[in-house]
2 protein chains.
Amino acid sequence: MKHAKRKKLEAKGWKVGTAADFLGLSPEEEAFIEMKLSLSKSLREMRRRKHLSQIEFAKLIKSSQSRVAKMEAGEASVSIDLLIKSLLALGASQKDLAKVISTK
Amino acid sequence: MKHAKRKKLEAKGWKVGTAADFLGLSPEEEAFIEMKLSLSKSLREMRRRKHLSQIEFAKLIKSSQSRVAKMEAGEASVSIDLLIKSLLALGASQKDLAKVISTK
DNA sequence: TGAATATATGTCATATTCGACATATATTTA
DNA sequence: TAAATATATGTCGAATATGACATATATTCA
């Protein structure tokens with residue numbers, strides 16, 4: 001695994017350093033992680049574009065600052081469901097989400 | 001709420017008949033549910049196109065027949081994470097998923 | 001038709017994800 | 001720089017999603 005790639009996955013919880021790392025991730029695993037990281041990145045961008053702090057945004061979606069931080073960090077413990085609900089709450093359309101998901 | 005719409009949501013668990021029903025769902029809630037139902041529908045189509053029974057497919061993704069049935073029924077208890085992992089296992093690309101998600 | 005196969009539905013114990021909290025660290029601003 | 005504000009990280013009990021199982025119902029096909 002290349003260093004840059006490894007770095008990307010060091011977003012905690014992504015079994016880097018485990019067997020999966022040595023053997024490599026399957027294309028499906030890669031795609032899944034990539035989608036989550038894209039959603040994470042997009043979430044941070046949209047939140048910032050709206051000049052909301054993590055605390056303000058957390059209130060908006062009835063969550064907590066720490067969870068927002070984890071969402072944006074792309075932590076493995078965060079579900080795609082939560083990421084999508086969050087993006088929708090920021091005004092993203094299904095089309096927007098589709099773009100985020102399919103962007104390499 | 002129109003009858004046809006209600007019918008669609010009677011996929012169990014979608015708080016039809018609760019306050020949310022009377023008050024109507026927010027656009028974000030609607031979009032979220034719609035996305036899940038699209039993924040469900042797509043899952044069934046792809047599985048059938050591959051001539052896999054629910055049992056065969058369940059084995060493929062290390063799940064159970066009953067959960068596959070619930071995925072395809074669009075049950076509220078099924079996560080988007082699982083739907084996406086399942087579609088990826090069937091060979092869907094990120095582009096494919098994007099299409100599914102943005103399709104009204 | 002009736003047996004075989006496929007799918008639906010309900011329940012449960014376990015696993016995962018959740019919001020919340022404490023607190024560390026980084027960034028902004030006065 | 002120091003205080004204020006924002007973000008990161010670790011942990012926890014509660015909430016939710018999970019696979020598995022039993023069993024009902026539907027569909028296929030001989």
Side-chain angles (χ1 to χ4, degrees), chain A residues 7-16 18 20 29 32-33 35-37 39-90, chain B residues 7-16 18 20 29 32-33 35-37 39-90:
Chain A
K7 204 69 191 284
K8 257 176 109 181
L9 293 184
E10 272 171 4
K12 240 135 311 132
W14 293 117
K15 53 181 176 171
V16 175
T18 67
E29 285 172 325
F32 184 77
I33 292 177
M35 286 176 54
K36 274 183 75 165
L37 293 181
L39 291 167
S40 289
K41 199 176 142 208
S42 182
L43 179 62
R44 165 155 292 178
E45 283 166 0
M46 284 196 72
R47 176 182 62 80
R48 287 195 166 150
R49 204 174 302 133
K50 297 212 163 189
H51 303 289
L52 292 170
S53 67
Q54 290 185 346
I55 288 187
E56 289 167 328
F57 179 57
K59 267 176 199 153
L60 181 66
I61 61 170
K62 291 169 211 244
S63 182
S64 62
Q65 179 269 324
S66 58
R67 189 132 293 270
V68 172
K70 281 158 191 167
M71 283 194 242
E72 296 184 354
E75 277 208 8
S77 82
V78 175
S79 72
I80 287 194
D81 293 68
L82 186 60
L83 286 167
I84 288 182
K85 280 178 188 168
S86 298
L87 284 161
L88 290 173
L90 281 172
Chain B
K7 202 69 190 285
K8 256 176 110 181
L9 293 183
E10 271 170 6
K12 240 133 313 130
W14 292 117
K15 53 180 175 172
V16 176
T18 68
E29 284 172 326
F32 185 77
I33 291 176
M35 286 176 55
K36 274 182 75 165
L37 293 181
L39 291 166
S40 290
K41 200 177 141 206
S42 183
L43 178 62
R44 166 155 291 177
E45 284 166 359
M46 284 196 71
R47 176 183 62 80
R48 286 195 168 150
R49 204 174 302 134
K50 297 214 161 188
H51 303 289
L52 292 171
S53 67
Q54 290 185 345
I55 288 187
E56 290 167 327
F57 179 57
K59 266 177 200 151
L60 181 66
I61 61 171
K62 290 169 212 241
S63 181
S64 62
Q65 180 270 324
S66 59
R67 188 131 295 270
V68 172
K70 281 159 192 167
M71 282 194 244
E72 296 184 353
E75 278 207 9
S77 83
V78 175
S79 73
I80 287 194
D81 294 69
L82 185 59
L83 286 166
I84 287 182
K85 280 178 186 168
S86 298
L87 283 162
L88 290 173
L90 281 172

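Since the structure is predicted, the reported quantities are computational estimates derived from the model, not experimental observations. Letters go in sequence order (proteins before strands), and every chain restarts at 1.
Contact annotation: the side chain of A:Lys85 never approaches that of A:Ile61 to less than 4.5 Å [non-hydrogen atoms, C-beta and beyond]. Side chains of B:Ser40 and B:Leu83 form a contact here, defined as non-hydrogen atoms less than 4.5 Å apart. Between B:Leu88 and B:Ile84, some side-chain heavy-atom pair lies under the 4.5 Å cut-off.
OP1 and OP2 of C:dT27 both lie 4.0 Å or more from every side-chain N or O belonging to A:Arg48. The side chain of B:Gln54 places an N or O atom within less than 4.0 Å of a non-bridging phosphate oxygen (OP1 or OP2) of C:dA8. The side chain of B:Arg44 contributes an N or O atom lying less than 4.0 Å from OP1 or OP2 of C:dA8. Contact annotation: B:Ser79 side-chain N/O to D:dT18 OP1/OP2 distance is under 4.0 Å. For the OP1/OP2 pair of C:dT7 and a distance below 4.0 Å, the side-chain nitrogens and oxygens of B:Arg47 include at least one atom meeting the criterion.
The interatomic distance linking B:Phe57 (CZ) with C:dT7 (P) rounds to 12 Å, in whole Å. Between B:Glu75 atom CD and C:dA8 atom P the separation is 10 Å, expressed in whole Å. The distance from atom CG of A:Asp81 to atom P of C:dG19 is 12 Å, rounded to the nearest whole Å. Atom NE2 of A:His51 and atom P of C:dT28 are 14 Å apart (whole Å). Taking atom NZ on A:Lys59 and atom C1' on D:dA6, their separation rounds to 13 Å, with Å as the unit. Whole-Å rounding puts the A:Lys85 NZ to D:dA15 P distance at 16 Å. For the pair B:Ile55 CD1 and C:dA4 P, the computed distance is 15 Å after rounding to whole Å. Here D:dA15 presents its P atom at 17 Å from NZ of A:Lys62, a figure rounded to the nearest Å.
The base of D:dG10 lies close enough to the side chain of A:Lys70 for a donor and an acceptor atom to sit less than 3.5 Å apart. Remark: the A:Ser64 side chain and the C:dC21 base include no donor-acceptor N/O pair separated by less than 3.5 Å. With hydrogens and angles ignored, a donor-acceptor pair under 3.5 angstrom links the side chain of A:Ser66 to the base of C:dA20. For B:Gln65 against C:dA8, a side-chain N or O and a base N or O form a donor-acceptor pair under 3.5 Å.
Of the candidates A:Arg67, A:Lys59, A:Gln65, A:Gln54 forms a side-chain hydrogen bond (donor to acceptor under 3.5 Å, both in side chains) with just one, namely A:Gln65.
Across all strands shown, A:Val68 has no heavy atoms under 4.0 Å from either base or sugar-phosphate atoms.
Closest contact between the side chain of A:Leu82 and the listed nucleotides C:dC18, D:dT18, D:dA8 involves C:dC18.
Projected onto DNA chain C by closest heavy-atom contact, A:Ile61 and B:Ser53 fall at different nucleotides, the more 5' of which corresponds to B:Ser53.
For the atom pair CG of A:Leu90 and CZ of A:Arg44, the computed distance is 13.0 Å after rounding to the nearest 0.5 Å.
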